[in-house]
Amino acid sequence: MDVSYILDQLNDAQRDAVTADSPGTLVLAGAGSGKTRVLVHRIAWKIKVEGLSPYSIMAVTFTNKAAREMRGRIEELLGSSLQGGMWVGTFHGLAHRLLKAHAREAGLPENFQILDSDDQLRLMKRIHRELQLDDSRWPPRQSCYFINGHKDEGRRSAHIDDPGGDLYLQTMLKVYRRYEEICQQQGVIDFAELLLRALELWRDNPAVLAHYQQRFKHVLVDEFQDTNAVQYAWLRILAGNGMPITAVGDDDQSIYGWRGARIENIQQFSKDFADTRIIRLEQNYRSTGTILSAANAVIKNNSQRLGKELWTSGEDGEPITLFAAFNEQDEARFVTDRIDELLRQDYRRADIGILYRSNAQSRVLEEALIRSGQPYRIYGGQRFYDRLEIKNALAYLRLIALRDDDTAMERVINTPTRGIGNRTVEMLREYARDHQLSLWQSAMAMIQNGALTARAGNALRGFLSLVEDLAEQCSDQSLDEQVDLVIDKAGLIAFHQKEKGEKGQARIENLQELVSAARSFTPEDPDADLLREFLDQAALDAGEQQADEHEDSIQLMTLHSAKGLEFPIVFMVGVEENLFPHKMSMDDPARLEEERRLAYVGITRAEQQLFLSYAESRRLHGQENFNSLSRFIREIPNDLINEVRINNTVTRPSSFASGNIAAQAAADCGIALGQRVLHSFFGAGTVLSFEGQGASARVQVNFEDEGSKWLVLQYANLELL
DNA sequence: GAGCTACGTTTTTTT
DNA sequence: AACGTAGCTC
């Protein structure tokens, strides 16, 4: 059998990583070194050469996107479909699959539901109300953090030491206990619980564990640096006894410490898995020499590193451009102006990525892109399935699937408003608590025994029969017809039609989008209950931004969601102290290093050209902020950077920083920043900045009538005003 | 009980 | 700036 196609076109280190037959294999893969490729080819190697069945392979990733991509590329390489045989998925997805198969052993009801972060927060608010905690002193969100943090470390409330006189811990513990109680009673589990239960399932049920230890002959883990304590323990319990395991990761790209990821796991790996072979992939196929030098220069300021230096056999390429903007508007204009230029060259919009630290920054950029008529696509941000209107529709579906789902019931009992007010709901809650019933059961009971006023009782009865009727009508319908039925008959469409502005229209469109998502939904397990599968997927998967995926558009996203992606052109905006590094992370050295890794991730997304920008004044949360250039950018050697400034004080003296030279050239013509000038064709304007050197020195002028333009200084014939 | 207004709070990153 | 909550009026 000819298997050369698996190894052709790989470099030595990659080939090593693909064929290694050590029990443990740790691949330290730098950015752009062909990490996914190695994983995919290694799996193909296991199947085609070593003869493993896809059924006996488990491959774990962190995002659904990565899982999909891996599956697709394996199938492409093998030329056949994997179908359901191989376990490819996220930690959360696989844990969920496991718990569904062994619900009873895991101590869960067969029809347990997933509680997403929004549901979790709502539940927490309810608990705080019940425990009579003042929300301003005890923010519900903080309780969520507390609980999730402990769960990520594998600690349940019972594992936490007696807090003694510590009021904070006492309170948190009380909340944690009550939270566990309610979740168990309602049969719902949050994200962290998914992982923890899966771990406990294997730990406490040797027979179940043995089954999987027999089944799997090889485990592969992507983005290993992002595993948290529970995920690591889960892998260890499965593969710690000699099952071959391959971990691929990059300690320099660990950016999820804030949600429990433990970079130490990567160092721990060779201790816990016997005979581990470590293979480094350091040749980068993505970026120019200049970009790599910058990335290396930044990351070398971190202390805790396994050590790795990227190199390329390619060209140095263009210098990095750094733009100092007046404010965030000016910054956005810089980005769109450059994009216009790039598109006039041979670039497509999809070649351009705009990366920012926090989602709040996207607005200004979006507005500027709309103004300049550029289609764009935002990754991440609010997930499709997290939108209010979608969650409402899903809540109805959940009630249809399971009447006792209190979270769903709370959500839509009075949405759209139907005369069931706070008072009534409060009585329901009380009754449910006293009688250990679900809200649904309590509602039925209270109607029965006439504990409600006629008005409230009628309204409540109306709601119950609405849901029952819907369930009835849905029973023999296809999934998309069910969704369609629900959003129509529950009055959600009408509800949003009444909303003023364009918002309601957008929401209706999203609801229709949900119908088509249901139409094209294909369950992993064709025998399972379709509606439930759909609801599960909605909780675990962000829901791909379906809008115009194939249109050529500019890509906007946070630095976090950019990990794993690459673009010929990258704009990293808002490289300012307090924003990046974020001010929440500046006091803690460990978190500061994580921010630096984030900078490293951002820089290494760029293939050919990298544009950095910062604003001297930035309006954020309605307040003006004055920040200086990010320390991370100051760590990049000056000779890699072409600096464009808006005022005369060039604070980065460098023999190569051509901002100086351009300014010098301009000064020779008598032009200074802020200078009013007159152009024979464009009219009057103000000089904004300079760039380039010698004959290509250019000047940016903001014309009163024409907007801002770049002009080659030599030919512009500007008249001073 | 619904709906409006005023006020206060909050803002990192996400499976 | 945007959202959520509290309190007020109908």
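In what follows, chains carry the letters A, B, and so on, assigned in the order in which the sequence lines appear, proteins first and then strands, with residues in each chain numbered from 1.
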Have a look at A/Leu194 and say if it touches a base, only the backbone sugar-phosphate, or nothing, with a 4.0 Å heavy-atom cut-off.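 Contact class for A/Leu194: none.
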What contact category does A/Arg418 fall into here, base, sugar-phosphate, or nothing, at under 4.0 angstrom with non-hydrogen atoms?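 The residue A/Arg418 makes sugar-phosphate contact but no base contact.
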Take the protein atom [atom1] of [X] and the nucleotide atom [atom2] of [N], then report the distance between them rounded to whole Å.
{"X": "A/Leu121", "N": "C/dC3", "atom1": "CG", "atom2": "P", "result": "16 Å"}
{"X": "A/Phe580", "N": "B/dT11", "atom1": "CZ", "atom2": "P", "result": "21 Å"}
{"X": "A/Gln142", "N": "B/dT11", "atom1": "CD", "atom2": "P", "result": "12 Å"}
{"X": "A/Met584", "N": "B/dT10", "atom1": "CE", "atom2": "P", "result": "11 Å"}
{"X": "A/Leu388", "N": "C/dA2", "atom1": "CG", "atom2": "P", "result": "17 Å"}
{"X": "A/Glu624", "N": "B/dT11", "atom1": "CD", "atom2": "P", "result": "21 Å"}

If you measure from the Lys or Arg side-chain nitrogens to the Asp or Glu carboxylate oxygens, is any gap between [X] and [Y] under 4.0 Å?
{"X": "A/Glu410", "Y": "A/Arg122", "result": "no"}
{"X": "A/Lys35", "Y": "A/Asp222", "result": "yes"}
{"X": "A/Lys391", "Y": "A/Asp116", "result": "yes"}
{"X": "A/Glu69", "Y": "A/Lys65", "result": "no"}

So, is the end of the A/Arg532 side chain (NZ or CZ) under 6.0 Å from the ring centre of A/Phe112 and within 45° of the ring's axis?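 Ring-cation test returns yes.
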With A/Arg377 as the cation and A/Tyr379 as the aromatic partner, state whether NZ or CZ is under 6.0 Å from the six-membered ring centre and within 45° of the axis.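 Satisfied, under 6.0 Å and within 45°.
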Can you check the distance between B/dT11 and C/dA6, where both ends of the measurement are the C1' atom (answer in whole Å)?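 Looking at atom C1' only, B/dT11 and C/dA6 are 22 Å apart.
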N/O-N/O pairs, protein side and nucleotides 5-8 of chain C side, under 3.5 Å:
residue	atom	partner	partner atom	Å
C/dT5	OP1	A/Lys125	NZ	3.4

Would you indicate, yes or no, if C/dA2 has its OP1 or OP2 atom less than 4.0 angstrom from a side-chain nitrogen or oxygen of A/Arg363?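 So the side chain of A/Arg363 is within the cut-off, an N or O lying under 4.0 Å from OP1 or OP2 of C/dA2.
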In terms of side-chain heavy atoms of A/Thr417, which of B/dG3, B/dG1, B/dT11 is nearest?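 Among the listed nucleotides, the one closest to the side chain of A/Thr417 is B/dG3.
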So which one's nearest nucleotide on DNA chain B is more toward 5', A/His582 or A/Gly419?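 Result: A/Gly419.
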Listing time: all N or O pairs from protein to nucleotides 13-15 of chain B that are below 3.5 Å?
residue	atom	partner	partner atom	Å
B/dT13	OP1	A/Asn359	N	2.8
B/dT13	OP1	A/Asn359	ND2	3.3
B/dT13	O2	A/Trp258	NE1	3.1
B/dT13	O2	A/Arg357	NH2	2.9
B/dT13	O2	A/His560	NE2	3.3
B/dT14	OP1	A/Thr558	OG1	3.2
B/dT14	O4'	A/Arg259	NH1	3.1
B/dT15	O3'	A/Phe62	O	3.2
B/dT15	O2	A/His92	NE2	3.0

Could you check, using the six-membered ring where one of them is a Trp, whether A/Trp234 and A/Tyr232 have ring centers closer than 6.0 angstrom?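 Centroid separation for A/Trp234 and A/Tyr232: 6.0 Å or greater.
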With under 30° as parallel and over 60° as perpendicular, where do the rings of A/Trp87 and A/Tyr212 fit, or are they tilted in between?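 Answer is tilted, since the angle falls between 30° and 60°.
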List in chain and number order the residues that pass ring pair (Phe, Tyr, Trp, His ring centres under 6.0 Å) with A/His582, two or more places apart in sequence or in another chain; answer none if no residue qualifies.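 If we apply the ring pair (Phe, Tyr, Trp, His ring centres under 6.0 Å) test to A/His582, skipping adjacent residues, there are no hits.
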